[in-house]
Number of protein chains: 2
Amino acid sequence: MSGNLTLDRPLVNMDASHRAGIRNRLLGKLSPKDWSLLQPHLEAVSLRERQVIEAPQKPIAHAYFLEIGVASVVAVDNEDHRIEVGVIGYEGVTGVPLIMGDNRAQHSTYMQIPGSGHRIAADRLCAAIEDSPSLRSLLLKSAQGFMIQTAHTALANGRAKLEERLARWLLMAHDRMTSNAVPLTHEFLAVMLGVRRAGVTVAIHSFEQRGFVTTRRGELTVVNRPGLERVAGSFYGTPEAELERLLGTV
Amino acid sequence: MSGNLTLDRPLVNMDASHRAGIRNRLLGKLSPKDWSLLQPHLEAVSLRERQVIEAPQKPIAHAYFLEIGVASVVAVDNEDHRIEVGVIGYEGVTGVPLIMGDNRAQHSTYMQIPGSGHRIAADRLCAAIEDSPSLRSLLLKSAQGFMIQTAHTALANGRAKLEERLARWLLMAHDRMTSNAVPLTHEFLAVMLGVRRAGVTVAIHSFEQRGFVTTRRGELTVVNRPGLERVAGSFYGTPEAELERLLGTV
DNA sequence: CGTATGTCGTACGCTTCCGTACTGAAAAAG
DNA sequence: CTTTTTCAGTACGGAAGCGTACGACATACG
């Protein structure tokens with residue numbers, strides 16, 4: 001009934017291989033050898049609200065293994081249409097194209113919820129991937145998980161109603177957060193979902209009246225996660241379960 | 001003004017590295033060494049209309065390098081919502097998860113426009129990928145191209161109108177065809193776009209009146225490609241250009 | 001050749017969501 | 001404390017597309 005803290009969140013998995021001081025699931029899953037390959041090049045960084053991680057059509061300078069916070073990956077076209085195609089938190093890493101052997105960012109990536117992480121220079125990461133099949137395998141599975149998320153976003157965008165999509169987004173953000181409070185304005189939620197700001201306001205209102213969330217100016221708090229899960233239905237869950245499977249078999 | 005045949009289609013690139021008797025761009029781009037790695041395991045197959053290539057949650061048996069025809073990759077959830085997240089033709093290969101080190105299909109993949117190709121057993125392909133960095137690099141870039149296509153589909157699903165999305169779909173299919181005739185019913189187009197069948201009928205009607213296509217029962221012929229491109233605007237083009245870039249630098 | 005089936009054209013009321021815009025309230029800036 | 005800015009609530013007309021459904025044709029099949 002609560003959904004409090006991190007206990008019942010699918011993505012949280014404090015398994016045995018957890019590395020001390022590291023929350024990022026990928027870093028935590030590295031073999032000692034792979035860890036020693038990356039560790040010297042990792043730089044701890046704090047990530048401000050709206051901080052740009054990647055810009056479209058520009059080279060990717062660093063990959064960020066997030067510890068805290070949520071990054072948005074937003075597709076943009078030449079006519080300035082934009083929509084979020086995926087989110088990344090402590091379960092993953094930014095710079096998916098690097099893993100695919102490309103060094104150019106296709107999308108705009110920036111911190112939606114501020115936090116921190118460890119970054120590594122793009123060429124260092126690529127070199128490490130070349131050297132270590134096990135590292136490559138892990139990162140490829142993470143990239144595959146992200147692809148599945150993007151495909152599901154396409155499904156939700158084409159088939160779901162605004163409320164369902166908003167519930168899905170809140171759940172995905174909640175999975176990646178340490179608190180239940182989402183520090184975001186309706187405006188930003190609207191940009192990510194590709195809908196009207198006023199539409200988000202109304203939907204949040206409905207959630208609030210049903211007791212799923214409480215709100216303050218610029219902040220929304222999840223108080224009934226199962227309620228949101230019921231709204232999102234099967235638009236939420238599949239990518240999360242698949243990521244579990246992918247990272248579970250590494 | 002015509003868009004006739006294959007001359008002005010972005011994806012068609014009869015470059016020097018073209019292998020005799022092979023239309024598939026990936027196979028055509030293989031180094032002699034990589035070709036000799038795969039060739040013994042390739043099996044020429046003809047692909048019927050609606051033939052299933054992959055089923056959700058099932059192991060992937062073969063990867064298909066298409067020569068002729070178009071395959072649809074369709075995301076499905078537990079509540080039977082479904083929508084196409086990408087198409088594959090002679091420019092690519094099915095079984096993207098195999099390239100990512102996963103052997104399970106996430107989506108439903110089937111021939112939308114019948115044709116032919118060369119297939120290879122999943123484990124053979126994976127073994128070859130392990131052995132050859134150059135093959136791996138090529139296939140990863142192809143997978144990256146597919147990811148970009150999926151992300152753009154998410155953008156179109158969230159932002160574009162029915163007519164824009166239909167024009168985009170027709171252009172993507174046209175890119176991958178040897179004729180201008182698309183042998184598909186409105187019903188199937190509707191399923192792929194995730195819209196009403198009647199909505200497709202009306203949109204096609206409008207295209208017909210504007211002289212972009214002609215229609216027969218169960219078939220639609222593109223007669224003014226630039227017209228469709230104008231309708232699709234920037235919802236079409238970016239993934240195609242990016243694929244060119246990705247495959248051009250291999 | 002007649003019938004079943006698939007395909008298309010069309011229509012109607014309805015839902016969802018958009019575009020726009022104004023207002024009050026909260027927070028930040030001065 | 002006052003001013004300015006940002007954010008949230010609300011409203012209205014309208015567009016897009018849905019669910020449903022019915023009839024008219026083609027085409028395939030018996």
Side-chain angles (χ1 to χ4, degrees), chain A residues 48-50 79-83 112-113 155-170 181-210 212-221 231-233 235, chain B residues 48-50 79-84 112-113 155-170 181-210 213-221 231-233 235:
Chain A
R48 296 179 311 281
E49 201 169 89
R50 238 65 70 193
E79 289 166 20
D80 211 48
H81 301 114
R82 58 185 62 219
I83 208 161
Q112 199 61 259
I113 296 175
L155 177 61
N157 288 355
R159 289 297 206 176
K161 298 198 216 311
L162 200 163
E163 275 202 4
E164 296 167 325
R165 293 212 280 144
L166 179 59
R168 173 178 125 97
W169 195 93
L170 292 175
V182 185
L184 277 182
T185 66
H186 300 180
E187 180 66 42
F188 275 100
L189 288 165
V191 169
M192 285 183 285
L193 298 177
V195 299
R196 241 186 357 150
R197 193 270 308 163
V200 171
T201 301
V202 171
I204 287 178
H205 228 79
S206 160
F207 287 172
E208 198 171 8
Q209 286 181 329
R210 285 186 271 173
F212 301 160
V213 303
T214 59
T215 63
R216 286 200 306 141
R217 188 187 161 88
E219 186 178 285
L220 175 154
T221 304
V231 172
F235 290 114
Chain B
R48 295 180 311 281
E49 201 169 274
R50 237 67 69 193
E79 289 166 19
D80 212 47
H81 302 116
R82 57 185 63 219
I83 208 160
E84 186 184 80
Q112 198 61 261
I113 296 174
L155 177 62
N157 289 355
R159 288 298 206 177
K161 298 200 216 311
L162 200 162
E163 275 201 4
E164 296 167 325
R165 294 212 278 144
L166 179 58
R168 174 177 126 97
W169 196 91
L170 292 175
V182 185
L184 277 183
T185 65
H186 299 181
E187 181 66 42
F188 275 99
L189 288 166
V191 169
M192 285 183 285
L193 298 178
V195 298
R196 240 184 1 150
R197 193 271 309 162
V200 171
T201 301
V202 171
I204 287 179
H205 228 81
S206 160
F207 287 171
E208 197 171 9
Q209 286 180 330
R210 285 186 269 174
V213 303
T214 58
T215 63
R216 288 199 305 141
R217 190 188 163 85
E219 186 177 286
L220 175 154
T221 304
V231 173
F235 290 113

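Computation of the quantities below employed the complete heavy-atom set of this structure, encompassing side-chain atoms and omitting hydrogens, waters and symmetry-equivalent molecules. Everything numeric in this text was worked out from a predicted model, so none of it was measured. So that the names make sense, note that chain A is the first sequence line, chain B the second, and so on, each numbered from 1.
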Point to revise | Evaluation steps, side-chain contact (heavy atoms from CB on, under 4.5 Å), between Gln112(B) and Arg50(B) | key: CA-CA 6 Å; Gln112(B) 198 61 261; Arg50(B) 237 67 69 193; 2.6 Å; yes
Under-3.5 Å N/O pairs linking protein and nucleotides 26-29 of chain C:
residue	atom	partner	partner atom	Å
dA26(C)	N3	Arg217(A)	NH2	3.3

Calculate the interatomic distance between [X] atom [atom1] and [N] atom [atom2]; express it in whole Å.
| X | N | atom1 | atom2 | value |
| --- | --- | --- | --- | --- |
| Glu164(A) | dT15(C) | CD | P | 16 Å |
| Leu184(A) | dT6(D) | CG | C1' | 15 Å |
| Glu187(B) | dT5(C) | CD | P | 17 Å |
| Arg159(A) | dT16(C) | CZ | P | 16 Å |
| Leu166(A) | dA8(D) | CG | P | 13 Å |
| Glu219(B) | dC8(C) | CD | P | 11 Å |
| Phe207(A) | dA8(D) | CZ | P | 16 Å |
| Glu163(A) | dT15(C) | CD | C1' | 13 Å |

Practice item. Tell me, please, whether Phe188(B) has Arg197(B) positioned over its six-membered ring: NZ or CZ under 6.0 Å from the ring centre and within 45 degrees of its axis? Key: no
Point to revise | Check: Asn157(B) main-chain N/O paired with Arg165(B) side-chain donor or acceptor under 3.5 Å | key: no
**Study point:** Check: Lys161(B) main-chain N/O paired with Glu164(B) side-chain donor or acceptor under 3.5 Å
**Key:** yes
Point to revise | Bend angle of the helix from dC1(C)-dG30(D) to dG30(C)-dC1(D), end axes from five pairs each (to 10°) | key: 40°
Exercise for review: Drop me the distance from Glu79(B)'s CD to Arg159(A)'s CZ, to the nearest 0.5 angstrom.
Suggested key: 12.5 Å
Check your understanding: Between Glu163(A) and Arg168(A), is there a side-chain N and carboxylate O pair less than 4.0 Å apart?
Key -> no
Practice item. Run the salt-bridge test on Glu219(A) and Arg216(A) with the 4.0 Å N-O cut-off and return the result as yes or no. Key: yes
Atom pairs under 3.5 Å, N or O on each side, protein against nucleotides 9-14 of chain D: can you list them with distances?
residue	atom	partner	partner atom	Å
dG9(D)	N7	Arg197(A)	NH1	3.0
dG9(D)	O6	Arg197(A)	NH2	2.8

Review point. Between Leu184(B) and Leu220(B), does a side-chain contact (heavy atoms from CB on, under 4.5 Å) hold up when you go through it step by step?
Key: CA-CA 7 Å; Leu184(B) 277 183; Leu220(B) 175 154; over 6 Å; no
Exercise for review: Apply the test side-chain contact (heavy atoms from CB on, under 4.5 Å) to residues Ile83(B) and Met192(B): give CA-CA distance (whole Å), side-chain angles for both, the deciding distance (0.1 Å), then the verdict.
Suggested key: CA-CA 5 Å; Ile83(B) 208 160; Met192(B) 285 183 285; over 6 Å; no
Check your understanding: Looking only at side chains, do Thr214(B) and Glu208(B) share a donor and an acceptor under 3.5 Å apart?
Key -> no
**Study point:** Within 6.0 Å of CZ in Arg210(B), more than 12 heavy atoms from elsewhere
**Key:** yes
Check your understanding: Which of these nucleotides, dC8(C), dC18(D), dC18(C), is closest to any side-chain atom of Leu162(A)?
Key -> dC18(C)
Practice item. Identify, between Gly218(B) and Lys161(A), the residue whose nearest nucleotide on DNA chain C lies closer to the 5' end. Key: Gly218(B)
